[in-house]
Each structure stands twice: as C-alpha cells, then as structure tokens.
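Worksheet: the structure to be examined is printed underneath.
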Amino acid sequence: MQKVHNSVSEYSFPTDKKVFLKHNAGFPARYIPDGGRIEVSKVNSGRNTTLKYECFDKDGEIDGLIKKIFDGRTDDESLLRVYERNPELAFSREVKIYGLTGNSPNKHFIPEFTASPGENAFYLSLIKTRSERHNLVRAHNSQNEGEKNKLLFDAAKSYGIFSGLLQRMDKEFVELVRVDPTFKGGKESYTPERRFDRLNDYLKPILCYANPTLDPELPTFKIIKEVRSQHTIIDVSEVLLKIAQTSSRLINNLRLGHGDARPQHLFRGSSGKVEDFKIIDIERLGMHPRYHDLSTLISMEAGISRPSDENFAMFVATYMAHREAIVNTKDKDRLNTGRMPRGVRRLEVLPEDQMIKKVGEANVARAMLEVLVMDIEENLHIDSSNKRYTPERRQSLVSGIVGYSEEDMLKGRLERVVADFNYFTENQKWFRAHAGEDTNLAFEGLLSNYALLIQELGIAEVPTKLLDRYNRNSKTA
C-alpha cells in the first residue's frame, strides 16, 4: 500500500513484494527490507531524473539505491544544455565511463551498478549512509564547525585520491576518445570560444532578474545591449572576450577529472575511511582544469561546503597532497586491491597545517588562484541556473538549510563572487610572495575584468577601493 509521507512516497512492509515490483519495474528484490519501509524521492537535474530509494529495515538501519533515468528532463532551459538532453547519448556515455572506471583501481570508489538499456537507466547501490551534502547541512544547522571542517577535509581527501587514480589512467581515457569520436573528452569545453559562450549564457537570466522590465525572450546580445544603455559605457563583449581568453591562457592545465565533484555525489563508507567513500554521477568525467573538482566541491548553497578563509589554503593543499600521493606511488598492488599506498598512510598522521609545506607554498598559491577564478565562474553558473528555475524548484534546493531562504539564494551567489574578490586583495601580499609577481599580476588582470563587468552591469556592488584597484589594471589584462 502506498501513502504520501512528507512529500515523499513511503512504502510500508511487510506486504506482497510482487505488488511493489509490479509498480516499480526493475527494482531489485534484494533491496526490499523485511518488516521495514522504502522512501522514494525524485530529483530532476540537467539531463536526467533521479529516483532515490532509501531503504529502512525494522530497526531503522538505512540502505539505499539510486535509479538514474536519462530522459532529458531539466528545469534549466539554457541553450548550452540542449546537446546534453539526448537520453540515448547521455546513457551511452555513462555506460562507457562506468566500463572504463570499473576496470581500474577507481572501481573501489564506484558503487555496484546495473545498466538497464531498455529504460536508459542505471541502478546504483549505496552503502548504509546518506550523502555528504546531508551531513554538511546537519553540521551547518547545528553550528558544529568542528564537524563541518572534518567533513570538508575528508571530502577533499577522498576526491583528491579519486582524482589521482583518474590521472593514472589518462592514457586509457585518451584511447577511448580516439576509438570513439562521438565521445567528448572535455577539452573542447575550455577553449576561449566556449568560455565566451558560457559566460554570455550565464548573464542572460542574471540580468533579467536584476532588470525585471527586460524581455527574457530576447537574445542575450540584445539584453546586454539594453542593460549597457542603462548602466554602462563599456563594451561588454570585449570584456567577456578578455575574460575568456585570459582564463584559457592561465587555466589551461587539463587533467582527467570527475567534472561534477559535489558533496551530494559523495557517500561515506561504514568504516569512515576516506578510501571507502563511494562516488556517483560520473557522467561528466573527462578532461577538465586540474583543480576544477575543488571549484564544484565548495559550491553548495549558503556557502556550506566553502572552507573558512583561514582554512582555505590548507583545504586546497590537502586535496593536492592526496592526489599527488596516488599519482606518484609505485605500489600498484595496493591500488588494485583497494588499499591505500604508504604515501597516503603517511598523510594520515601529518597535521593538516603541514599539508601546505608538504605540497609547497608556491604550488598551493597558484592552485588557489585557479580555484578562485573557477569559483567565480561556478557561482555565475549556479546563479544563472537558480534564476532560471521555478520558485518551487528553488525552494526545494534551500529546503532543510536553517536560516537560508529563497531570497538569500538569489543574492548569495553574487555576494560569493564579491567575497572572492575581497579574499584575493586581502591576501595579495601572500600570493605575490609565493605565486610570483608575474602570475599574481596576470590573475589580478583577469579578476579586474570580472569586477569591472559585474559592477558596470549593475548586478552586484564591488567595493569602491577594490574596483579602483582593478580599474587600474583592466586595460592590461
């Protein structure tokens, strides 16, 4: 018998299991707990519908299963997402990725899965846990900073290890792309032209939200022209092109990466060890900027997964140290059996504040500059999506986060961008000393154009002294 419980479908047992299976074709019988219940929640993302089955036994212990259906449904009508809405293509792509990772040391991070071609769907089994997003929201709501920091650093370690394992299989991935021309590896996403197109696309809903009289049906270039006549005399296209070109020049070190490394895609194992996490949603696995996964990891609503300014350098260094320990190890036997090499074990006893010295301050400083720039782009990306969504969809994304409303969501992303500007200027002496004068100036030029664009379009207030500093460099970026 099915009943509605807190907007989630709840199935109570014991009942005739065949009745459940009849209404949920393909759901593996072994996941139905005797004397327990199953709760089913539904999420529409950019390319698919995800059904999450949380299975509780009679003692309340949780197990889980995710059914991911590639149906092309999305609330995000961005033109850049049209090509992603082909269900067969998206499903086929993920089958290939799971096949690739399932025959590598990464298989220990991948949940048990079954592909169902007739449905364009995957079944992914999860261990007895909920995602790290759930755990981070809980820590945030209880104002437990110690627990939140532990969760964030564990996530950095786990994704760092996963990234290192991926980097060891670059050749296999390149071969997959070579033999299958329809499989896109990701490099084409980071050309100046594609970056320019993305930024243009992000601006449209942001500008329409800030200027309610604008017609959202107009092409982006006409909307920008309208805003330009009201707010600015700068050539917006020229500034966007400078941003795209400079980003591609400064952030051009591409590596095989997850591509969508967010807390909701990370599930803690029963042992609590970072190598026992399970990682899902690897459909974007491909060639990305080497620290792209950090920019998505820190992007939760309300800044929940963003480390404090004091911990930011240690957080980045922790990710880098764990990735490098995997990349540089010669202990293949341990990797192939899911055990961590000695280099990772030594990191377990290294204080987190020593991670920066381990990786090298110059390397950490350069990585942080790249993450800051990608964080700005990621916040514009998410702000754009949030402002395209319906109020109901936005409400679902903030639900459960104490003290954070839909209104906060619609302001928060641009506030985060301004905070990135502030972080850079407040720590510029350190960046200059460790990343080098030339590198610091190059990133300052890039950030100056972002600041100029945002201020002149009237979508956020950049502090005057900060904007003055950037304006002095904008012509040389």
Side-chain angles (χ1 to χ4, degrees), residues 44-48 72-86 89-90 184 186-212 214-228 230-232 234-248 251 259-260 262 283-284 286 288-289 292 295-296 299 301 373-390 393-394 397 409-414 416-417 420 446 449-460:
N44 290 328
S45 71
R47 295 154 303 284
N48 51 68
R73 296 179 184 177
T74 177
D75 292 331
D76 188 342
E77 296 303 321
S78 164
L79 292 176
L80 295 181
R81 289 192 177 273
V82 170
Y83 77 98
E84 297 176 334
R85 296 186 193 129
N86 183 314
L89 183 61
K184 301 297 184 183
K187 288 184 178 180
E188 77 287 344
S189 296
Y190 299 101
T191 62
E193 294 78 15
R194 284 299 299 275
R195 288 181 187 271
F196 178 86
D197 288 343
R198 277 202 303 273
L199 288 170
N200 251 314
D201 186 69
Y202 298 161
L203 283 177
K204 180 176 179 177
I206 295 173
L207 290 172
C208 287
Y209 178 81
N211 301 271
L214 291 174
D215 181 1
E217 299 302 318
L218 289 173
T220 303
F221 78 93
K222 288 190 176 181
I223 287 176
I224 289 176
K225 185 177 179 181
E226 287 287 326
V227 173
R228 183 184 174 195
Q230 298 172 33
H231 295 286
T232 178
I234 68 169
D235 187 328
V236 175
S237 294
E238 182 180 337
V239 175
L240 285 174
L241 185 59
K242 281 185 178 181
I243 291 172
Q245 290 174 336
T246 311
S247 295
S248 294
I251 308 175
D260 201 20
R262 303 181 192 276
E283 68 206 52
R284 288 189 178 276
H288 300 281
H292 179 274
S295 69
T296 51
S299 66
E301 291 294 345
V373 171
M374 288 186 288
D375 186 51
I376 290 171
E377 183 174 344
E378 180 65 12
N379 276 291
L380 291 176
H381 166 211
I382 297 178
D383 192 47
S384 168
S385 295
N386 287 344
K387 286 167 180 173
R388 283 187 172 105
Y389 291 149
T390 63
R393 171 72 166 140
R394 289 196 292 263
L397 294 173
M409 167 198 271
L410 292 169
K411 295 186 300 183
R413 292 295 171 177
L414 292 173
R416 181 67 257 166
V417 170
D420 282 338
L446 173 56
N449 280 299
Y450 263 121
L452 182 66
L453 178 76
I454 288 169
Q455 176 71 18
E456 292 295 296
L457 287 177
I459 55 178

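Counting from 1, the numbers follow the sequence of the chain as shown. Nothing here was measured: the structure is a model prediction, and the numbers come from that model.
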Open item on the list: Rounded to the nearest 0.5 Å, what separates atom CD1 in Ile382 from atom OH in Tyr202?
Closed with: 9.5 Å
Task: Exercise: identify the closest heavy-atom pair between Leu218 and Ile223 - done: O-CD1, 3.6 Å
Task: Glu301: salt bridge (charged side-chain N to carboxylate O under 4.0 Å, His left out) partners, not counting sequence neighbours - done: Arg413
Open item on the list: Please check: side-chain N/O of Asp383 versus main-chain N/O of Asn379, any donor-acceptor pairing under 3.5 Å?
Closed with: no
- [ ] Grab the two heavy atoms, one from Ile454 and one from Ala460, that are nearest each other, plus how far apart they are.
- [x] CG2-CB, 3.5 Å
- [ ] Could you give me the CA-CA distance, side-chain angles and deciding distance for Ile224 and Thr220, then say whether side-chain contact (heavy atoms from CB on, under 4.5 Å) is met?
- [x] CA-CA 6 Å; Ile224 289 176; Thr220 303; 3.9 Å; yes
Open item on the list: For the CG atom of Leu380 and the CD1 atom of Ile459, what is their distance to the nearest 0.5 Å?
Closed with: 6.5 Å
Task: Value rounded to 0.5 Å, distance of CD in Glu377 from OG in Ser247 - done: 6.5 Å
Open item on the list: Can you confirm whether Ile251 sits close enough to Arg195 that some side-chain heavy atom of one is under 4.5 Å from a side-chain heavy atom of the other?
Closed with: yes
TODO: Give a yes or no on whether the backbone of Leu207 and the side-chain of Asn211 come within a donor-acceptor separation of less than 3.5 Å.
DONE: yes
- [ ] Locate the shortest heavy-atom distance separating Pro192 from Ser248; write the atom from each residue and the value.
- [x] N-OG, 3.3 Å
Task: Shortest non-hydrogen separation from Ser384 to Asp201 and the atoms involved - done: OG-O, 4.0 Å
Open item on the list: List the residues meeting salt bridge (charged side-chain N to carboxylate O under 4.0 Å, His left out) with Arg394, not counting sequence neighbours, and say none if there are none.
Closed with: Glu406
Open item on the list: Determine whether Arg416 and Glu378 satisfy the following criterion, salt bridge (Lys or Arg N to Asp or Glu O under 4.0 Å), listing intermediate values before the conclusion.
Closed with: CA-CA 10 Å; Arg416 181 67 257 166; Glu378 180 65 12; over 6 Å; no
Task: Contact summary for Phe196 and Leu240, nearest pair of heavy atoms - done: CE1-CB, 3.7 Å
Task: Salt bridge present between Asp235 and Lys242 (N-O < 4.0 angstrom) - done: no
Task: Distance in Å, Leu199 CG paired with Leu203 CG, rounded so as to fall on 0.5 Å steps - done: 6.5 Å
Open item on the list: Before you tell me yes or no, could you show the steps for Ser299 and Arg262 under side-chain contact (heavy atoms from CB on, under 4.5 Å), namely the whole-Å CA-CA distance, both residues' side-chain angles and the distance that decides it to 0.1 Å?
Closed with: CA-CA 8 Å; Ser299 66; Arg262 303 181 192 276; 2.7 Å; yes
Open item on the list: Ignoring hydrogens, what is the shortest heavy-atom contact between Lys204 and Pro216? Give both atom names and the distance.
Closed with: CE-O, 2.9 Å
- [ ] Without swapping roles, check the side chain of Arg198 against the backbone of Ser189 for a donor-acceptor pair under 3.5 Å.
- [x] yes
Task: Nearest-0.5 Å distance that lies between atom NE2 in His292 and atom CG in Asp260 - done: 7.5 Å
Task: Nearest-0.5 Å distance that lies between atom CG in Leu410 and atom NZ in Lys387 - done: 6.0 Å
